[in-house]
Peer 1: 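Take this structure, written in structure tokens, and hold onto it; I'll ask about it next.
Start at 1 with the first residue, then count along the sequence. Since we're looking at a predicted model, the values are computed, not measured.
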Amino acid sequence: MDEKNPFAKIKEGVSVEELETFARKYTTEVFLILAVIIATISSIFDFFTGPGWSLSFTGIGAILSLAFPETIVKIQRKILDLIAKPEKSMQITVGIVRLIIALFIPFFLFAEMGFLAGLGFHRYMRHSAMPKTQPFERAKDKDEEHL
């Protein structure tokens with residue numbers, strides 16, 4: 001393999017063993033990627049529900065997470081704590097359930113993405129509105145206020 005060319009691995013291909021190692025290490029992420037792909041295909045081709053439902057629920061999820069960020073964060077943390085358990089059997093079970101949901105009711109998965117998008121936007125807006133000072137400068141200002 002050519003040390004200077006970072007894309008040499010792509011040209012050579014990926015072995016099955018490397019794919020299995022990656023899938024074992026990132027089980028939750030692999031299932032989530034597959035679920036998003038399946039939900040997108042299911043929505044586009046109107047297998048069970050159309051793209052209108054998926055788009056509507058994405059918007060509703062974003063609006064709710066912008067309106068009630070603390071409540072949505074608590075709910076998301078509980079869900080992610082359940083999903084991120086170290087037991088592989090739990091990860092695989094949740095992944096399979098997510099794949100089934102993605103096929104039959106994909107708008108549910110898109111609502112989850114809407115929640116995450118709204119929370120991300122809310123967090124970005126709060127952090128970008130903060131003054132751009134160094135942390136130690138803020139601490140100095142607080143000390144002077146109390147004097």
Peer 1: Of all the heavy-atom pairs spanning F115 and Q76, show the shortest one and how long it is.
Peer 2: CB-NE2, 3.8 Å

Peer 1: Tell me, yes or no, whether the heavy-atom count around K78 atom NZ, taken from other residues, nucleotides or ligands under 6.0 Å, exceeds 12.
Peer 2: no

Peer 1: Identify whether L34 and I100 are in the same connected component of the hydrophobic contact network (ILVMFWY, side-chain heavy atoms under 4.5 Å).
Peer 2: yes

Peer 1: Please answer whether the main-chain N or O of P51 pairs with a side-chain N or O of S43 as donor and acceptor at a distance below 3.5 Å.
Peer 2: no

Peer 1: Let me confirm one number: the CG-OG1 distance from L32 to T27, rounded to the nearest 0.5 Å.
Peer 2: 12.5 Å

Peer 1: To the nearest 0.5 Å, tell me how far W53 CH2 sits from I105 CD1.
Peer 2: 11.5 Å

Peer 1: When you group the ILVMFWY residues by side-chain heavy-atom contacts below 4.5 Å and let the links chain together, are I63 and I75 in the same group?
Peer 2: no

Peer 1: Please report the interatomic distance NE2(H122) to NE2(H127), rounded to the nearest 0.5 Å.
Peer 2: 9.5 Å

Peer 1: Got a second to check how far I96's CD1 is from I101's CD1, nearest 0.5 Å?
Peer 2: 12.5 Å

Peer 1: Looking at P106 and S42, what are the two nearest heavy atoms and their distance?
Peer 2: CG-OG, 3.9 Å

Peer 1: In terms of hydrophobic clusters joined by side-chain contacts under 4.5 Å, are Y26 and I38 together?
Peer 2: yes

Peer 1: What pair of heavy atoms forms the shortest contact from A35 to L99, and how long is it?
Peer 2: N-CD2, 3.5 Å

Peer 1: Any chance CD of E17 has more than 12 other-residue heavy atoms, nucleotides or ligands included, within less than 6.0 Å?
Peer 2: no

Peer 1: First locate atom CG of L103, then atom CG of L109, and finally report the distance between them rounded to the nearest 0.5 Å.
Peer 2: 11.5 Å

Peer 1: So F22 and V30, side-chain contact (heavy atoms from CB on, under 4.5 Å) or not? Walk me through it.
Peer 2: CA-CA 9 Å; F22 180 82; V30 169; 4.0 Å; yes

Peer 1: Does a sphere of radius 6.0 Å around CZ in F47 hold more than 12 heavy atoms from other residues, nucleotides or ligands, not counting ones at 6.0 Å or beyond?
Peer 2: yes

Peer 1: Treating Ile, Leu, Val, Met, Phe, Trp and Tyr as nodes and any side-chain heavy-atom pair under 4.5 angstrom as an edge, say whether I60 and F108 lie in one connected cluster.
Peer 2: no

Peer 1: Specify the closest pair of heavy atoms between G114 and S65, including all atoms of both residues, with the distance to one decimal.
Peer 2: O-OG, 3.9 Å

Peer 1: Under a 4.5 Å side-chain heavy-atom rule over Ile, Leu, Val, Met, Phe, Trp and Tyr, are L116 and V36 clustered together?
Peer 2: no

Peer 1: Hey, what do you get for CD (E87) to OG1 (T93), rounding to the nearest 0.5 Å?
Peer 2: 10.0 Å

Peer 1: Would a distance-only check, ignoring hydrogens and angles, find a side-chain to backbone donor-acceptor pair under 3.5 Å from K74 to P69?
Peer 2: no

Peer 1: Closest approach of F57 and F107, non-hydrogen atoms and distance?
Peer 2: CB-O, 3.6 Å

Peer 1: Please determine whether a side-chain nitrogen of the Lys or Arg among E20 and K25 lies less than 4.0 Å from a carboxylate oxygen of the Asp or Glu.
Peer 2: no

Peer 1: Give the C-alpha distance, both sets of side-chain angles, the deciding distance and a yes or no for side-chain contact (heavy atoms from CB on, under 4.5 Å) between T40 and F110.
Peer 2: CA-CA 9 Å; T40 303; F110 285 106; 3.8 Å; yes

